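Data block below; observations after.
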Amino acid sequence: MAPMHNAMKLPRLFRPKLRRLAGLLPTVSLVLLLAACSSYSPDQLKIDRSIQAKSQDSRVEFIVLHYTSTGNHASLKILSEQNVSSHYLITDDARPHVYQLVDESRRAWHAGVSQWYGRTDMNAGSIGIELVNQGGSKQNWAPYSPTQIRTLIALLHDVIKRHQIKPYNIVGHSDIAPQRKVDPGPLFPWKKLADAGIGRWYKQTKVDEFLLEFQRTGLPDILAVQTELERLGYAVPKNGLLDKATRNVIAAFQMHYRPARYDGVPDAQTAAILKALR
Ligand SMILES: [Zn+2]
């Protein structure tokens, strides 16, 4: 603004020339800017981190638990050398060894095609923890040692605290991919974790209340069960049919919250736990 102000005081004769100069101003600024840039070197880049914004939180929102279905040596080799990985690996040694294979700020490749509360890119926002455990099938599953679970609990407390992870976002691979996965399996002690203050659990008194209610009113229909599963985060069909996909989701839910039977049948206890979970 200053040059135009001064122009008012100049004789009329000079004004058109000044107007032309004013028109050139953007060009002049660009030239000056380029001149400044030419003396700038990226080596001089300085970032001031002394002030941190109040409004921020962790990019990590979920923890996904897995079993490796193989031994210590093979698990470590696969998770560090192949196109699959996890942030942490806990061995099944008498004194479990905890490896960190991927930095928490980076994405590990452990979730695959999965979904939780509508979120699909689970690798992007989660920490993956693999437990060395042989897994199993049908009624033949490898148990987890108490020491390995205690180690996991210590690790979980640390990760949860640092990233402020919500209890309902601590899940098993089977919860987020019930059509493909069963790990960490029905012997994984979710209740023990809940007793240590980790993850989502239900009040038994609430379950008993709903069991009595079902005795009076009958069991909820399949669509109601599907709606409850969806409310709790699961990706489930909403067709009112007890089809294969729905049974897989119910079985995943049972493995997590009622592992005594995980046949995918929505019995009274399953329906009551579903309703009791908040
Ligand atoms: Zn898994």
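First listed ligand is number 1; within each ligand, the first listed atom is number 1. Computed from a predicted model, the values in this text were never measured in an experiment. As a basis for the values below, the full set of heavy atoms in this structure was taken, side chains included, without hydrogen atoms, waters or symmetry mates.
Counting heavy atoms of neighbouring residues, nucleotides and ligands inside a 6.0 Å radius, atom CZ of Arg162 exceeds 12 of them.
Asp92 pairs in a side chain to side chain donor-acceptor pair (under 3.5 Å) with only one of the listed residues (Asn72, Thr147, Asn133), which is Asn72.
The aromatic rings of His173 and His66 stand perpendicular to each other, their planes meeting at an angle above 60°, with 30° marking the opposite boundary.
The set of protein atoms (N, O or S) found at less than 2.8 Å from the Zn ion (ligand 1) reads His66 ND1, His173 ND1, Asp183 OD2, by chain and number.
A heavy-atom distance below 4.5 Å is not found between the side chains of Arg278 and Lys206.
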Review point. Which is it for Trp190 and Met255 under the side chain to side chain contact (heavy atoms under 4.5 Å, CB included) test, yes or no, and what are the steps along the way?
Key: CA-CA 9 Å; Trp190 288 104; Met255 276 194 271; over 6 Å; no
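Defined by atom type and a distance below 3.5 Å, a donor-acceptor pair is missing between the side-chain atoms of Gln164 and Ser58.
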